[in-house]
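One structure is given here, and the rest of the page talks about it.
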Amino acid sequence: MTHYKKFAMTLLIGVVALVSEFMFDRPRLAFIIIAVTGGSLAFLMFIEMIKTLRSGKYGVDILAITAIVATLLVNEYWASLMILIMLTGGESLEDYAQKKAGQELQSLLDNTPRTAHKLEGDKQLDVSVDALEVGDRLVIKPGEIVPADGRVIKGESTFDEASLTGESKPIVKKIDDELMSGSVNGDSSVQMIVEKRAEDSQYQLIIKLVEESKEKPARFVRLADRYAVPFTLIAYVIGGIAWWVSGDPVRFAQVLVVASPCPLILAAPVALVAGMSRSSKSGIVVKTGTAVEKLAETKTIAFDKTGTITKGILAVTGVDPVSQFSEAELLRVAASAEQGSAHILARSLVQAVPQLLPVTDLKEISGQGIEATVEGRHVKVGNAKFIGVPESKTDTTAIYVAIDERYAGTIYFSDTIRPEAKETIANLKAQGIQDLLMITGDGHTVAESIAEKVGLTEIHARCLPQDKLTILTSIPEEKRPVTMVGDGVNDAPALTVADVGIAMGAHGSTAASESADVVILKDDLERVAEAVMISRDTMKVAKQSVLIGIFVCVFLMLVASTGVIPALFGAMLQEVVDTVSILSALRAKKSSPQKRNRVIPQN
C-alpha cells in the first residue's frame with residue numbers, strides 16, 4: 001500500500017471513529033477502530049524499524065511507535081489518531097518530495113539497433129541483431145548505428161563515436177579499422193565483420209552498466225534521521241522522569257505525544273519540495289529530495305568534456321592560407337564549395353561564413369572530400385591525401401583546400417569551450433568545492449588545454465564508460481559525495497554510479513537525462529553551480545526548520561511533564577509545532593537577493 005493510500009485510509013478511519021463516538025455514542029467502538037488501526041500501523045512500523053536497524057541505520061520510527069502504543073495503553077486513543085494522521089501525512093509528503101523519474105533505461109533500449117543487414121554470398125538479408133554471430137558480414141548504410149563490435153572489411157566512412165567515447169570529432173574508419181557498436185555511420189556505406197555478439201558489444205555494455213549501477217544506490221543518511229537518536233533519548237528521559245516523579249504512567253504518554261516526531265518527518269520534506277520548486281523555476285529539475293541533500297554536501301564534481309565543458313559542436317578555430325590568399329578569402333571559397341555537402345564539417349564551415357559564393361559542378365567523393373567550381377575556379381576541399389599534401393600534426397580536426405590544382409591552405413576545427421564554463425568553475429570554487437575533475441574520451445593534449453583554460457584541478461583522458469566508473473568509484477570517502485556532470489549516452493553509467501548525476505538535458509542524450517538525479521533544462525553550465533547553491537540554501541533552511549521544531553517540542557515536553565497538558569491537547573499542539581516547522585521550511589522556495597549574484601572569474 002502506498003503512503004498516499006495509507007494517509008487516505010487513516011483519515012477515513014478517523015471519520016468513522018468520530019461518527020461512532022459522537023453521533024452514535026459508541027466510544028468503545030471508536031476505541032477499537034483506532035486501536036486496531038494504530039496497533040496495525042505500529043506493528044508495520046516496528047517490522048520496518050527492525051529492517052532499518054539490521055541495515056545499520058536508525059530512524060524516528062521508534063519514537064512514533066512508542067507514542068502510539070503509550071497513548072492507547074492509557075486510553076488516550078484520540079491522541080493516537082492525531083499522531084497517526086500526522087505520521088501518514090508526513091510520509092505522503094515525503095513520497096511527493098522524493099518522487100522518482102521512471103523509465104531510466106527506455107531511451108537506451110529505444111536507440112538500440114534492432115536489425116542488421118547481413119551478407120550471405122551476394123544476398124543482403126535483414127536479420128535480428130540478437131541473431132548475429134562472430135564472423136558475420138554486415139552492411140552499415142549512411143546514418144545507421146553499428147549493431148555490434150567489429151572491423152571494416154570494405155569501404156571507408158566517417159563515424160560519430162561521441163555517444164560512446166565523448167570524442168566530438170567524427171572518426172574516419174578505413175579497412176581493418178575497429179568499429180564500436182553504438183557509433184553512427186556518416187556518409188558512405190561500409191562492410192564490416194562481426195567480432196563480438198551484440199550482447200557483448202560496447203553499446204550493450206553501457207546499458208548493463210546503468211542497470212548494475214541502479215541496483216547499487218549509494219548509502220545515505222537522511223536529515224531527519226540524524227537528529228532521531230538524541231531527540232528520542234531526550235523524550236524518553238523527560239517522560240521517564242515525569243512518570244517516576246509522579247508515579248502516573250499517563251505523564252509518560254503526555255510527554256511522548258508532544259514529542260511525536262512530526263516536525264522531523266514534515267519539516268525536511270517540505271523544505272525539499274520548496275527547494276525543488278525553486279530549482280525548477282531556474283530550469284533545473286531535481287528528481288529526488290535525497291539528491292538535494294547529497295548535492296548540498298558534495299565535495300567533488302567531475303565533468304565530461306564534450307557537450308558539457310564544451311559546446312559539443314565543431315567550429316572553425318583556425319585558418320592557415322598560403323601567401324597569395326587571405327584567411328577570409330580561403331574560408332569563403334572553401335565554405336562556398338562545401339555548401340551542398342551534408343558532412344558535419346561542411347555544416348560548421350558554412351556557418352562560419354555569412355555570405356557564400358555561387359557554386360556549380362559540385363561533386364562529392366565519399367570519404368575524401370568535394371570538388372566544385374566557385375566563380376570559375378576549380379576548388380577541392382577534403383583530407384590531406386585528397387589534396388595531395390602532408391597531413392598536419394595537430395590535435396584538432398583539419399581540412400585542406402586546393403584552388404586550381406594548387407594547395408591554398410588549411411582550415412582547423414575544434415570543439416569550443418562554453419563561454420560560461422570558466423565562470424561556473426569559479427563559482428563552484430567560491431562555494432568551497434576544490435576537487436573539480438574532467439573525465440573525457442579525448443586525448444591528453446586537448447584535455448589539458450581545456451582544463452587549464454577553465455580552471456579544473458584534475459583530468460582523466462582517453463576514458464571509455466567503464467573507465468569513468470572506475471575513476472568515480474575510486475574517489476576516497478573524505479572527498480565524497482561526488483557529483484558527475486555529463487550529457488551523452490556514454491555518460492549514463494557514470495551519472496548513475498555517482499552520488500549525484502547531473503545531465504545537461506537541453507541538447508544532451510535522453511538516456512543521460514533519465515539516468516541522472518538532476519537535469520539542466522537550459523543550455524547553461526552555470527546552472528550546475530546554481531543547483532549546488534540552491535541545494536545548500538534548501539538544506540540550511542531544512543536544518544533550521546527541524547531544529548526549530550525540536551526546540552519547541554522539547555519545551556512542550558518539559559511543560560507536559562508537569563501534567564498540565566492533557567494527551568489530546570498535546571496532540572493538537574503538535575499542529576502548532578507542525579505549522580511553525582512548515583512555515584519555516586517554505587522559506588526554501590525563496591532566494592535571497594545576495595545569493596543571486598554570480599562570481600566573475602578574474603583573468
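Being a predicted model, the structure only gives us computed values, none of them experimental.
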Next on the checklist: Against V190, only a single residue in V139, L138, I140 fulfils side-chain contact (heavy atoms from CB on, under 4.5 Å); can you say which?
Outcome noted: I140
Checklist outcome for this item: The side-chain hydrogen bond (donor to acceptor under 3.5 Å, both in side chains) partners of E371 (sequence neighbours excluded) come to H378
Checklist entry - Is a salt bridge present between K468 and D304, judged by a nitrogen-to-oxygen distance below 4.0 Å? => result yes
Item to check | Ion pair check, R527 and E530, cut-off under 4.0 Å | outcome: yes
Next on the checklist: Between I284 and V518, is there a side-chain heavy-atom distance shorter than 4.5 Å?
Outcome noted: yes
Next on the checklist: Does this structure show an ion pair linking D537 with R278, if we count only N-O contacts that are shorter than 4.0 Å?
Outcome noted: yes
Checklist outcome for this item: Nearest heavy-atom approach of N185 to P142 is ND2-N, 3.6 Å
Checklist entry - CG of L428 to OG1 of T298: how many Å apart, nearest 0.5 Å? => result 9.0 Å
Item to check | M180 side, atom CE; F159 side, atom CZ - distance, nearest 0.5 Å | outcome: 11.5 Å
Next on the checklist: Any heavy-atom pair between the side chains of L272 and M539 that's under 4.5 Å?
Outcome noted: yes
Item to check | Basic-acidic side-chain contact under 4.0 Å: R480, D499 | outcome: yes
Checklist entry - Roughly how far apart are E448 CD and M438 CE, rounded to 0.5 Å? => result 9.0 Å
Next on the checklist: With rounding to the nearest 0.5 angstrom, report the CE to CD distance, M192 to E178.
Outcome noted: 10.0 Å
Checklist entry - Considering only heavy atoms from C-beta outward, does the side chain of V353 approach that of L349 to under 4.5 Å? => result no
Checklist entry - CD of E391 to OH of Y400: how many Å apart, nearest 0.5 Å? => result 5.0 Å
Checklist entry - Looking at V316 and S348, what are the two nearest heavy atoms and their distance? => result CG2-O, 4.3 Å
Next on the checklist: So, taking the atom named CD1 in I502 and the one named CG in L295, what distance separates them when rounded to the nearest 0.5 Å?
Outcome noted: 5.0 Å
Checklist entry - Can a donor-acceptor pair be found between the side chains of S181 and D149 at a distance below 3.5 Å? => result yes
Checklist entry - Stepwise, does the side-chain contact (heavy atoms from CB on, under 4.5 Å) test hold for D136 with I193? => result CA-CA 6 Å; D136 285 347; I193 188 166; over 6 Å; no
Next on the checklist: Looking at every non-hydrogen atom in both residues, tell me the closest pair between T310 and R418 and how far apart they are.
Outcome noted: O-NE, 3.5 Å
Next on the checklist: Using every non-hydrogen atom in the two residues, find where I471 and C463 come nearest and quote the distance to one decimal.
Outcome noted: CD1-SG, 3.7 Å
Item to check | I403 side chain near V333 side chain, heavy-atom distance below 4.5 Å | outcome: yes
Checklist entry - Would you call E156 and K173 a salt bridge, using N to O less than 4.0 angstrom? => result no
Checklist entry - For P476, what residues pass the side-chain contact (heavy atoms from CB on, under 4.5 Å) criterion, not counting sequence neighbours? => result E478, K479
Item to check | Residue pair H117 / E144, side-chain heavy-atom distance below 4.5 Å | outcome: yes
Checklist outcome for this item: Heavy atoms of R377 and F325 approach each other most closely as NH1-CE2, 4.0 Å
Next on the checklist: Testing I365, I399, V381 one by one against F386 for a side-chain contact (heavy atoms from CB on, under 4.5 Å), which residue passes?
Outcome noted: I365
Checklist entry - Side chains of R151 and D177: does their closest heavy-atom pair fall under 4.5 Å? => result no
Item to check | Electrostatic pair E293:K540 at N-O distance under 4.0 angstrom | outcome: no
Item to check | Side-chain heavy-atom pair E526, E423 within 4.5 angstrom cut-off | outcome: yes
Item to check | Side-chain heavy-atom pair T300, I433 within 4.5 angstrom cut-off | outcome: no
